[in-house]
There are 2 protein chains.
Amino acid sequence: MKKRHTTIKDIAKAAGVSTATVSMILNKKDKNISQPTRERVLRIAKDINYIPNSMARSLVTSQTKTLGLILPDIVNPFFPEIARGAEDRAREAGYSIIICNTDDNVDQENKYIQMLTEKMVDGIILTHSANRNDEMSGLENSRIPIILIDRDYDSPNVLGKVLVDNSRASRDGVNYLIGKGYRRIAYIAGPLNTGTARDRLEGYRMALAEKGIDYDERLVRVGEYRSKWGYEAAASLLDDGMDFEAIFCGNDAIAIGAMKRLRERGIAVPDDIAIMGFDDIYIASMVDPELTTIKQPNYSMGYEAVNMMIDSIQGNKIGKRNLILDTELVVRKSS
Amino acid sequence: MKKRHTTIKDIAKAAGVSTATVSMILNKKDKNISQPTRERVLRIAKDINYIPNSMARSLVTSQTKTLGLILPDIVNPFFPEIARGAEDRAREAGYSIIICNTDDNVDQENKYIQMLTEKMVDGIILTHSANRNDEMSGLENSRIPIILIDRDYDSPNVLGKVLVDNSRASRDGVNYLIGKGYRRIAYIAGPLNTGTARDRLEGYRMALAEKGIDYDERLVRVGEYRSKWGYEAAASLLDDGMDFEAIFCGNDAIAIGAMKRLRERGIAVPDDIAIMGFDDIYIASMVDPELTTIKQPNYSMGYEAVNMMIDSIQGNKIGKRNLILDTELVVRKSS
DNA sequence: CATTCTTGGTTAAACGTTTAACTACATTTA
DNA sequence: TAAATGTAGTTAAACGTTTAACCAAGAATG
């Protein structure tokens, strides 16, 4: 009593036509099929509740209508919106998305690329985890098209990129702070083995340089993209007796951690010290005071990456394409 | 110049054996294959960088090693952990996960079930979106195994459930508040067409009843699971001139919204009014004051659901199985 | 009226695996 | 020594589609 699914053959038999005919009708490649036949076949298909088997189809067309989405960790509030944007565009185009969490582990990433290759996905959207010291990444010898998202990386294998200009965004943010009159601005950075952290730090330095403010490296702390780090770094800045009027943070998580510590020390934000984040994660508008930050277009990144992928799959070989999306300064209460 | 992948046939030819032999070796069903042959085949497979085509395999085995995960919205901070738990267990077992966002739209859910069926996933993990007025749900005539998560629903088609006892958890939470001496406790509920909201409200009433506190319906507001609703409901409670010492909220989002409004009105939490949430989302520990709440085991829910699914796929037909996971009262500063 | 087009299909191969059934030979066992 | 068992494979069908190539008969064209 093996559960057999109804197939195109069943329809063919019931309708008294060949499977080819059925296939053509179901795929609307039916210019030369008579109306009565078409209707009969469609009717029967509906009656027996026919569901196509896309494995079989994929085997012959070598298209799975499936995309892989590899990112560090869906639990990190930065990524769900990306995933959602990706999924939305995918659905519109009839694609589905397999999701993979790497925890920024290159080995894991490589395994996933391999797995997705076996599953014959039509493309991969990748937030690449390679650190600078990249041992040969699986990205390099993948045979399926890859679009990079959020993090830049150079490889002949990537077909496109969707990024933001972190350095510029960061510069704009610091400029805003300077414009508000703050001069001594501390910076709590993320890990410098990531390109985003390097670029953001560079933007910070550029902004200072442009306004003729000296770069004081004692005001800069390098760590991780986590609120725990912000919490620690803020303490260390205070304990070192630095004087500063504002803290620009590598991302919102850091900012929130820092704010927490300042609050514990009885320092008022923004009256005593202003705080600025980066990302505009969901939480940013809910903390007290609401966080001024630089909004990354996460949803759009996901959406556009998939869009680019689909464009390219459908043969509009636009060649290598890079998309730089705009960030937006979101002024709230913390500055 | 069509891009052809290397197949098992290429290996077979190069090794001078049949494809069956290669297949057996690659799948470790190779009891009666000689060691030299085995080594030769493996060698060649590696050399030509062979990658199996799982479409072809799936077609014959009718197993895709893929699971569908249908949930309302991955952007809602409640769900990423579930997704992560699911993905982690899936990966351990060699499965991958297709993710689907329904926005609590039953039509969308049905379309996804259909799509996943076409893709021949081995199972579906579903946070069901049906409201009470459920027009025939696609769940009912799916032919693939379904495991329900977070939201209960009765259907012969579901193979198992992973839930928490919302009513009990809620009762425990309110009991805690009562234990702390609060008597007049308001309740800001989620939408009562969801089972979770109904159960949580019931728990609230039970706790009151047990301690002989009158249920005052003017202290109860019903709305949505969003912080905006908490923000509005808090205002309405205050504006109606109700007196109360604590607010128990249907979830953390509501609680955060309510806290925001109280702050704006200059009401101190917890000194003037205590607040308690439900879920323990990531943000809960970052707001000020940190939110006392009831932790749902989201990661475990995802993990266990997939685990149950895999168990059942692998033939350990344990029959219909329901798993009720424990919640945990997390006492922080807001109460 | 012979030819070409159109209409309405059919046939059969192909996609890349897995797997049940078979073979051929060598070795054990009764 | 005949039968059974073990070893090392091979053959071929099957999974459910798609699609290029073919076909037959009537309609239109020159």
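Here the straight-line distance linking atom CD1 of B:Ile33 with atom CZ of B:Arg38 works out to 7.5 Å at 0.5 Å rounding. Once rounded to the nearest 0.5 Å, the distance linking CD of B:Gln296 with CD of B:Glu81 reads 10.5 Å. Separating the CD1 atom in B:Ile124 from the CG atom in B:Leu159 is a distance of 11.5 Å, to the nearest 0.5 Å.
Distances from the side chain of B:Asn53 to the nucleotides D:dT17, C:dT17, D:dG16 place C:dT17 closest. When distances are taken from the side chain of B:Ala20 to each of C:dT17, D:dT11, D:dT18, the shortest belongs to D:dT11.
Residue A:Gln108 comes nearest to A:Asn101 through the heavy atom pair CG-O, 4.0 Å, listed as atom of the first residue, atom of the second, then distance.
With A:Asp122 as reference, A:Leu67 is the one residue of A:Leu67, A:Leu116, A:Thr66, A:Ile144 to meet the side chain to side chain contact (heavy atoms under 4.5 Å, CB included) rule.
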ask   = Hey, mind stepping through B:Asn32 and B:Met24 against side chain to side chain contact (heavy atoms under 4.5 Å, CB included) and telling me if it holds?
value = CA-CA 10 Å; B:Asn32 10 1; B:Met24 286 161 153; over 6 Å; no

key: Full working for salt bridge (Lys or Arg N to Asp or Glu O under 4.0 Å) between A:Asp154 and A:Lys161   = CA-CA 10 Å; A:Asp154 272 323; A:Lys161 305 174 180 179; 3.2 Å; yes

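Straight-line distance from the CD atom of B:Gln63 to the P atom of C:dT18: 12 Å, rounded to whole Å. Counting to the nearest Å, the C1' atom of D:dA14 and the CZ atom of B:Arg57 are 16 Å from each other. Following rounding to the nearest Å, A:Tyr50 (OH) and D:dG16 (C1') show an atom-to-atom distance of 7 Å. The distance between atom CD of B:Glu118 and atom C1' of D:dT17, rounded to the nearest whole Å, is 13 Å. Put simply, NZ on B:Lys65 is 15 Å from C1' on C:dT18, counting in whole angstrom units. Look at CG on A:Leu59: it is 13 Å from P on C:dA14, rounded to the nearest Å.
A salt bridge between A:Asp88 and A:Arg84 is present, with a side-chain N of the basic residue lying under 4.0 Å from a carboxylate O of the acidic one.
Proximity of a side-chain donor or acceptor of A:Asn307 to a complementary backbone N or O of A:Tyr303 within less than 3.5 Å is not detected.
Of the residues in residues 21-42 of chain B, those placing a heavy atom less than 4.0 Å from an atom of DNA chain C are B:Ser23, B:Asn27, B:Lys29, in numerical order. Residues from residues 7-19 of chain B with heavy atoms under 4.0 angstrom of DNA chain C, sorted by number: B:Thr7, B:Ile8.
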